[in-house]
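Working notes, beginning with the structure itself.
Hydrogens, waters and symmetry mates are skipped; everything else that's a heavy atom, side chains included, is used.
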Amino acid sequence: MRIENPLRLVVIVLAATALAVLMAVQMASSLATRPAPHTAISLMPINGLATERAAFLDFRMGVGEATDPSALTASAGEVEQLALAAIQREPLLPKAHAILALAQANVQNRSAISEAAVLLNRRDASLQGVLLQDQIARSDIPAAVATVDRIMRVNPESSEQFYPILLSALKERDGSEPLVRLIEEGSPAMDGFLRFAVEQDDALPRLADLRENFVLVSEAFDRRLVNKLAGIGDFEAAERIYFAAAGRPAQSSALDWLVDYPPLDWRLSNAAGLRAQTVRNGPGVEINVRPGRSGLLMQRFIRTPVGPFEVRIGHSLAPAAQLEDVQLQLSCGLGRGPFLAGAFAEGTSSFSVEQVPLECDFMQLAIFARMATARSRLRGEIQSVELLPIE
């Protein structure tokens, strides 16, 4: 076969070969972008993604374990030119913009770059982190809360890292409104945050304020909040949340047998050999104490009556000879010993309090049993507990 224009064929072959080599280099550069970005750059200097990757790796190595803002700025400054080169090649690279923002010592410049970059990419964690750091530095609590929410929505597996920031916002007055808004909007990260916050004693007063004035979260949250507030001795707040959550009026003279919100409802023992449980078909509590067992069978905190009062307990505990091993104990608040301890009598047991100790707005009412090994099993019901004024 005769080739009419051999020179043209040579040109085509050379062009095809060059293109194949270029594609191979591009492919090699692309494959090396993540594991070896510097190698990718050497293969193809115009690879903007590799340049960004190299800048970010160098930045992280420079920072190490440091979290101080000045260390972040210094490390970002060292790779700023590499980040700029990446942006020149691919203008929408988020991590390169994050490095560029961090490199700015001037807070206003940093804010301008990070806020503009976030408009380009709202999902990149590094950009959101830079924006968050800037917002915290400026004490812009509402903006910081919104940024944390965006980060946690995109990266739910990292949510716990940001709970302390939300906790700090909770303690600030201007942090309440944005947190309330997120809770009411059903932000998926808020459930986990509230479970975290309710375990922090110093956050409880603010949580109580939110619950009382703004937010209905869940019954489980209310139950835990009431329990934790009582656990730090803030019975006033615990009672307010209790009434709001349970929708109940203040106690009458006869105490109910509800167990939903201990310790302002009853807390019943469920230990082996020391058991108290509500009666299935009627008011009261069933008691079962095995020989050799001792401890609190039931307890709850109530507002202390004003003036002298009597506690009257109706029961059917038996055998009667062992009722001396069952006591009513009244004590003020937390960590104080009983100001009244009296043994049960057969049928109805009455205990009089002529004078309540000072600073005793709330008292614990507890029923305690101590069965010696040689004793019989104690069984029966406690049908009623009443607090009656003494005229």
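- Here the straight-line distance linking atom CD of E239 with atom CD1 of I302 works out to 10.5 Å at 0.5 Å rounding.
- Distance CZ/R377 to CE/M371: 11.5 Å, rounded to 0.5 Å.
- Remark: F351 CZ to L340 CG distance equals 7.5 Å, nearest 0.5 Å.
- Residues K171 and D202 form a side-chain contact, since some pair of their non-hydrogen atoms from C-beta on lies under 4.5 Å apart.
- Side-chain atoms of I367 and F344, non-hydrogen and from C-beta on, do get closer than 4.5 Å to each other.
- For E324, the CD atom counts as densely surrounded, since its 6.0 Å shell holds more than 12 non-hydrogen atoms of other residues, nucleotides or ligands.
- Across all non-hydrogen atoms, the minimal contact from R379 to N288 is NH1-ND2, 3.1 Å.
- For E236, the CD atom is densely surrounded, since the number of other residues' heavy atoms within 6.0 Å is greater than 12.
- Taking every heavy atom of both residues into account, A197 and L170 meet most closely at CB-CD2, 4.4 Å.
- Taking hydrophobic clusters as Ile, Leu, Val, Met, Phe, Trp and Tyr residues chained together by side-chain heavy-atom distances below 4.5 Å, L207 shares a cluster with I232.
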side-chain contact (heavy atoms from CB on, under 4.5 Å) between Q364 and L330, intermediate numbers included: CA-CA 6 Å; Q364 183 188 54; L330 301 179; over 6 Å; no
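- Under the 4.5 Å side-chain contact rule for hydrophobic residues, V259 and L297 share a cluster.
- The pair D256-R300 counts as a salt bridge, with a side-chain nitrogen and a carboxylate oxygen less than 4.0 angstrom apart.
- L296 is not connected to V385 by any chain of hydrophobic side-chain contacts under 4.5 Å among Ile, Leu, Val, Met, Phe, Trp and Tyr, and they are in different clusters.
- Between Y261 and Y242, the ring-plane angle classifies as perpendicular under the 30° and 60° cut-offs.
- Closest non-hydrogen pair, M190 versus M152, comes out as CE-CE, 4.0 Å.
- When each of R375, R370, R293 is tested with D325 by the rule salt bridge (Lys or Arg N to Asp or Glu O under 4.0 Å), just one qualifies, namely R375.
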Verdict with reasoning, F309 to V356, per side-chain contact (heavy atoms from CB on, under 4.5 Å): CA-CA 9 Å; F309 65 94; V356 177; 3.6 Å; yes
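- In this structure, W266 and W257 have parallel ring planes: the angle between them is below the 30° cut-off, well short of the 60° mark.
- Remark: E359 CD is loosely packed, at most 12 non-hydrogen atoms of other residues, nucleotides or ligands lying under 6.0 Å away.
- In the displayed structure, E157 atom CD is contacted under 6.0 Å by more than 12 heavy atoms of other residues, nucleotides or ligands.
- The OH atom of Y163 lies 9.0 Å from the CG atom of L194; values are rounded to the nearest 0.5 Å.
- Between F339 and C360, the closest side-chain pair of non-hydrogen atoms falls below 4.5 Å.
- Here the side chains of H315 and L323 are in contact, with some heavy-atom distance below 4.5 Å.
- Counting heavy atoms from C-beta outward, Q277 and V285 have side chains that stay 4.5 Å or more apart.
- With respect to the salt-bridge test (charged N to carboxylate O, under 4.0 angstrom), the residues R224 and E199 qualify.
- Using a 4.5 Å cut-off on side-chain heavy atoms (C-beta onward), P338 and Q327 make no contact.
- Between the side chain of S316 and the main chain of E381, a donor-acceptor pair closer than 3.5 Å is present.
- Taken from CZ in R312 to CG in L388, the straight-line distance is 5.0 Å, to the nearest 0.5 Å.
- Residues M298 and F368 are members of separate hydrophobic clusters, defined by side-chain heavy-atom contacts under 4.5 angstrom among Ile, Leu, Val, Met, Phe, Trp and Tyr.
- Nearest heavy-atom pair, F362 versus T304, reported as atom, atom and distance to 0.1 Å: C-OG1, 3.4 Å.
- To the nearest 0.5 Å, atoms CG (L167) and CD (E172) are separated by 11.0 Å.
- For the pair M363 and S331, the minimum side-chain heavy-atom distance is 4.5 Å or more.
- Heavy-atom minimum distance, D234 versus A237: OD1-N, 3.3 Å.
- R303 and D361 are not joined by a salt bridge, as no carboxylate oxygen comes within less than 4.0 angstrom of a charged side-chain nitrogen.
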Worked verdict on L387 versus L365 for side-chain contact (heavy atoms from CB on, under 4.5 Å): CA-CA 11 Å; L387 275 71; L365 188 156; 4.1 Å; yes
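- For R153 and D149, the salt-bridge test passes: some basic side-chain N is under 4.0 Å from an acidic carboxylate O.
- Under the 4.5 Å side-chain criterion, counting only non-hydrogen atoms from C-beta, I390 is in contact with S352.
- Minimum heavy-atom separation, P319 to S376: CG-CB, 4.4 Å.
- Tracing side-chain contacts under 4.5 Å through hydrophobic residues (I, L, V, M, F, W, Y), one reaches L204 starting from L334; they form part of the same cluster.
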